[in-house]
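Working notes, beginning with the structure itself.
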Protein chains: 2
Amino acid sequence: MHKPTIQDVARLAGVGVGTVSRVLNNHAAVRDSTRQTVLSAIRDLEYVPNPHARRIAGGKSYTISILLPVITTEFYVRLLDGLESAFQEARYDVAIFPLLDRSRLERYLGSHTLAYQADGLVMATYNLTQMLSENRLRDQQPMVLVDAYADGVDCARMDNHLGGRMAGQFLAQQPGYSYAVWVETELDQIFTSRVFEERSAGFHAAMAEAGRTVSGEFISSFDAHAARTVAGQVLDAAQFPATIFASADLLAGALLDEAQVRGIAVGSDLKVLGFDDQPWAAARGLSTLHQPVEAMAYEAATLLLARLSGYRGPPRVRTFEPRLVLRSSTGDS
Amino acid sequence: MHKPTIQDVARLAGVGVGTVSRVLNNHAAVRDSTRQTVLSAIRDLEYVPNPHARRIAGGKSYTISILLPVITTEFYVRLLDGLESAFQEARYDVAIFPLLDRSRLERYLGSHTLAYQADGLVMATYNLTQMLSENRLRDQQPMVLVDAYADGVDCARMDNHLGGRMAGQFLAQQPGYSYAVWVETELDQIFTSRVFEERSAGFHAAMAEAGRTVSGEFISSFDAHAARTVAGQVLDAAQFPATIFASADLLAGALLDEAQVRGIAVGSDLKVLGFDDQPWAAARGLSTLHQPVEAMAYEAATLLLARLSGYRGPPRVRTFEPRLVLRSSTGDS
DNA sequence: TTGTACGCGTTATCAT
DNA sequence: ATGATAACGCGTACAA
C-alpha cells in the first residue's frame with residue numbers, strides 16, 4: 001500500500017507512462033479521450049507526482065526561491081498567495097526565505113543551497129540597485145523583483161508615487177485642513193525600501209500642484225500601539241474640518257479608533273483616507289487605496305517563468321496602479 | 001563542463017561509486033586511506049551531491065520543515081542558526097515556513113506539499129496544546145517543539161518561569177522601588193505564546209517570596225517606537241532609586257536611551273535589567289538574562305533526528321535555563 | 001573492505 | 001498520438 005506512482009496510473013489507465021507524463025505536463029497533443037482516462041485514473045489513485053523524481057529526471061529543480069522581509073502584513077500574505085498560485089499552475093514549488101538579517105541574504109545568495117534548490121529567484125520589496133551594481137548577485141540566475149524596482153532586472157511594482165499623488169489629489173478637493181501620517185522606515189543602504197518615500201513624494205506633488213498646503217505631518221512606526229499613540233497626537237493637533245491621509249491602513253484604523261473614543265464624527269468633520277484596503281477596511285467603511293497585490297505577484301511570477309522557459313529579451317517592468325476606493329470615512333457612499 | 005557527479009568522483013579516486021557514497025554518509029568501515037583519497041577527490045572536483053537524487057534513491061526527503069512566527073529578532077536569527085547547523089551536520093535540508101497567518105499553518109500542515117518535502121517538523125514558539133488535543137496535527141509526522149511546550153511531543157524549551165524568577169530574585173535584593181515592563185502578546189487560542197506570561201509569573205512569585213512589592217508595571221508592544229514611548233512613561237512615573245525589569249532587551253534599551261536623554265545616571269539611582277542578551281547588550285553595559293538559544297535549537301534538532309532514525313520512546317522534554325549576566329546597568333562590574 | 005548492479009519515479013527520445 | 005526505453009544521480013543490497 002505504498003504511494004501510487006506514475007506506473008500505477010499508467011497501468012490503471014491502460015496506457016504507457018509516457019502518456020501519463022504528457023498529460024501531467026500538458027505536453028504536445030494527447031487525444032482528449034485518453035487524457036480523460038488518465039485524469040480519472042489519477043483521481044482514483046489519488047496520485048501525486050513525486051517532485052524529487054521529476055527534479056532529477058528533468059534536470060531542473062522546479063523550485064523558485066522567494067526572498068522577503070519579515071513583516072506580518074496582509075500585504076505579504078496576499079503577495080505570497082499570488083506568487084504561490086502562479087507558480088503552482090506552472091508546477092513549480094516555492095521555497096521561502098525570510099530575510100531576518102543581512103547576513104542571511106548573503107548566505108542564501110552565496111551558498112550552494114539555493115544553487116541546487118532553485119531555478120529562479122523572487123525578491124520582494126527590497127531595493128537592490130546597489131547590490132546589482134556591485135555585482136553581488138549572480139545574475140546567471142533568472143530573477144524578478146516584486147514591489148520594488150532596479151535597473152537591469154524584471155520588475156513588477158506598485159506605482160506608489162501615483163498612489164501618493166491620488167491621495168493628494170483627493171485631499172486637495174476636500175475643504176478644511178490637510179494632514180498626513182507616514183510610516184517610519186528603517187535606513188539601510190542595501191535593504192532600503194522606498195515605498196513610503198514614494199507615496200510621500202507623490203502626495204506632496206499633487207498638493208503643491210493644487211496650491212494646497214499640508215497643515216501637519218506625523219510619523220509612526222508600523223505597529224498597532226505606536227499607530228494609536230500617533231493617532232492621538234494627530235487628533236490633538238488637528239484643526240477641523242480635517243482630512244487625514246494615513247499612508248497605511250494600520251494607521252488609518254488607529255485614527256478611526258481614536259476618533260470614536262473622542263466622539264469625533266468620521267466622514268464629515270474628520271475624513272480619513274488610508275492605503276492598502278485591508279480585509280477589514282470595507283466593514284469599517286474606510287476609504288483607502290486598493291492595491292492589486294495578487295495581480296502584481298502573479299505578473300512577477302509570469303515574468304520569471306518566461307525567463308525560465310528561455311525568454312532572453314531586455315528587462316521588463318510592469319507597473320500596477322492603486323485604485324481609490326471611497327467609503328464612509330470620507331463621507332462617500 | 002557539467003556538474004560533477006558521484007561517478008566522476010569515483011573515477012578520479014579510482015574507487016567504486018559505492019565507496020564514495022559510503023564516505024559521504026560515513027557508513028560502515030571504510031579504510032582510512034581510501035576515505036582520504038575520496039575526500040580529496042571530492043574537494044578537487046568541488047563535488048556537491050545532488051540532493052534530489054539522494055531523495056529519490058533514499059526514499060526520504062532529507063528535508064525538515066521549520067515553522068516559525070514572523071518576528072525579526074535576534075532570538076529567531078540565532079534559533080535558525082542553531083537548527084540549521086544541526087540539521088546540516090546530519091545532511092538534512094531545511095525548509096522555512098513563516099507563519100504569516102492562521103490559514104497558512106493549516107495549509108502547510110494539511111497540504112501534500114509538506115508531506116513530500118519533509119521528513120520532520122520543527123515548530124517554534126507557538127503553543128500547540130490545543131491543536132494537538134484536537135488531533136489537527138498528523139502525528140504520524142515526527143515533530144519537535146522549540147521554545148514551546150505541549151504534552152505528547154518532544155520539546156526543547158527555555159525555562160521562562162525560572163528566568164522571570166531570577167529577575168525577581170535579583171530585584172528583591174535591590175534597595176528602592178521595583179518596576180517591570182512587559183511585552184503585549186497577541187491573544188489567539190491556538191497561536192498563543194506564553195513566553196511573557198511565564199516570565200511574569202516567575203517574577204511575581206520571586207518578589208512575593210521575598211516580601212517585596214512591585215511599585216508599577218507597564219506594557220509595551222514589541223517595537224522600538226512603542227518601547228521608547230513606554231520608557232518615557234515609566235521614568236515619568238518612577239520613584240527613585242528604582243530598579244526596572246524589562247522583560248525584553250528591546251524594552252531595556254529604550255529605557256537606557258530615555259534615561260540618557262533625561263540625564264538619569266544608570267547603575268545607581270536607576271538600575272535596569274533586560275532579557276535576551278542581544279548582541280549590543282554587552283557594549284551598552286546592559287545587565288540581562290542570557291538565553292542559550294543555539295543550544296536549545298541544537299537540542300531540538302537532535303531530538304527530531306533521533307525520531308527520524310527510529311527512536312520510539314515517550315516524548316522527551318529538554319529545558320534550558322537563562323543565565324544572569326550582570327553589567328554596569330545594574331551597577332555591577 | 002570494496003566494487004557491481006539494480007532500483008527509486010520521473011522526463012525525454014525515440015520509434016511506431 | 002502513443003508506447004517502450006534510456007537516462008537522471010544516488011543509495012544499497014549483494015557478491016567478491
Side-chain angles (χ1 to χ4, degrees), chain A residues 2-39 41-42 45-63 90-93 112 115-117 119 308-309, chain B residues 2-39 41-42 45-63 90-93 112 115-117 119 308-309:
Chain A
H2 66 296
K3 269 209 163 93
T5 75
I6 198 172
Q7 311 273 356
D8 300 324
V9 176
R11 199 174 311 124
L12 180 60
V15 300
V17 290
T19 305
V20 178
S21 179
R22 266 165 289 211
V23 170
L24 249 26
N25 302 290
N26 10 328
H27 258 330
V30 179
R31 194 190 308 155
D32 201 56
S33 62
T34 60
R35 149 169 285 118
Q36 295 310 325
T37 319
V38 172
L39 251 28
I42 289 181
L45 293 172
E46 295 183 355
Y47 163 73
V48 181
N50 180 324
H52 308 304
R54 353 175 17 223
R55 295 193 226 273
I56 181 198
K60 305 199 295 174
S61 77
Y62 297 97
T63 301
R91 295 194 68 202
Y92 273 81
D93 268 342
H112 288 270
Y116 257 120
Q117 305 217 339
D119 297 330
L308 293 181
S309 42
Chain B
H2 67 295
K3 268 211 164 91
T5 74
I6 199 173
Q7 311 272 358
D8 301 322
V9 176
R11 200 174 309 124
L12 179 61
V15 299
V17 290
T19 305
V20 178
S21 179
R22 268 165 286 213
V23 170
L24 250 26
N25 302 291
N26 15 329
H27 257 330
V30 179
R31 193 190 308 156
D32 201 56
S33 61
T34 60
R35 149 169 284 119
Q36 296 310 325
T37 319
V38 171
L39 252 26
I42 289 180
L45 293 172
E46 295 183 353
Y47 164 73
V48 181
N50 181 322
H52 309 306
R54 339 173 33 217
R55 294 193 227 274
I56 186 216
K60 305 199 296 175
S61 77
Y62 297 97
T63 301
R91 297 194 67 204
Y92 274 83
D93 269 340
H112 288 270
Y116 258 121
Q117 304 216 339
D119 297 331
L308 293 180
S309 43

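A note on names: the letters A, B, ... follow the listed sequences, proteins ahead of strands, and every chain is numbered from 1. These figures come from a predicted structure and were not determined experimentally.
Taking atom NE2 of residue A/H52 and atom P of nucleotide D/dC10, one finds them 15 Å apart after rounding to whole Å. Whole-Å rounding puts the A/K60 NZ to D/dG9 P distance at 16 Å. Nucleotide C/dT10 holds its C1' atom 14 Å from the CG atom of A/D93, rounded to whole Å. The distance between atom CG of B/L24 and atom P of D/dC10, rounded to the nearest whole Å, is 8 Å. For the pair B/Q7 CD and C/dA5 P, the computed distance is 12 Å after rounding to whole Å. Regarding B/I42, its CD1 atom lies at a distance of 10 Å from the P atom of D/dC10, rounded to whole Å. One atom, CZ of B/R11, and another, P of C/dT4, lie 12 Å apart when rounded to the nearest Å. Between A/D8 atom CG and C/dG9 atom P there is a gap of 9 Å when expressed in whole angstrom units.
Here B/N50 does not reach the OP1 or OP2 of D/dC8: none of its side-chain N or O atoms lies under 4.0 Å away. In this model, the phosphate group of C/dT2 is not approached by any side-chain N or O of B/T19 to a distance below 4.0 Å at OP1 or OP2. Phosphate contact (OP1/OP2 of D/dG11, side-chain N/O of B/R54, threshold under 4.0 Å): present.
A/R91 comes within 4.0 angstrom of sugar-phosphate atoms only, judged by non-hydrogen atoms across all strands, and of no base. Here B/G18 lies in heavy-atom contact (under 4.0 Å) with a base. Within 4.0 Å (heavy atoms only), A/V17 reaches at least one base atom of the nucleic acid.
For A/I6, the side-chain atoms get nearest to C/dT11 when compared with the rest of C/dT2, C/dT11, D/dT2. Each of D/dT2, C/dG9, C/dT2 was ranked by its minimum atom distance to the side chain of B/T34; first place goes to C/dT2. Out of C/dC8, C/dT11, D/dG11, the shortest distance to the side chain of B/I56 is found at C/dC8. Side-chain proximity of B/Y47 to the nucleotides D/dG11, C/dG3, D/dC10 is greatest for D/dC10. Checking D/dG11, C/dG9, D/dA13 against every side-chain atom of B/S21, the shortest atom distance belongs to D/dG11. The B/A57 side chain lies nearest to C/dG7 when the options are C/dG7, C/dG3, C/dT1.
Considering CG of A/D119 and OH of A/Y92, their distance stands at 5.0 Å, rounded to 0.5 Å.
B/V15 places a side-chain heavy atom less than 4.5 Å from the side chain of B/V38. With contacts defined as side-chain heavy-atom distances shorter than 4.5 Å, the pair A/L12/A/Y47 does not qualify. For the pair A/N25 and A/R54, the minimum side-chain heavy-atom distance is below 4.5 Å.
Of the possible polar contacts, one joining the B/T63 side chain to the B/S61 backbone as a donor-acceptor pair under 3.5 Å is found.
Classification of A/D93 and A/R55 as a salt-bridged pair holds, one side-chain N sitting under 4.0 Å from a carboxylate O.
Summary of the strand contacts: B/R22 and B/G58 both lie near DNA chain C, and taking for each the nucleotide with the nearest heavy atom, the more 5' one is attributed to B/R22.
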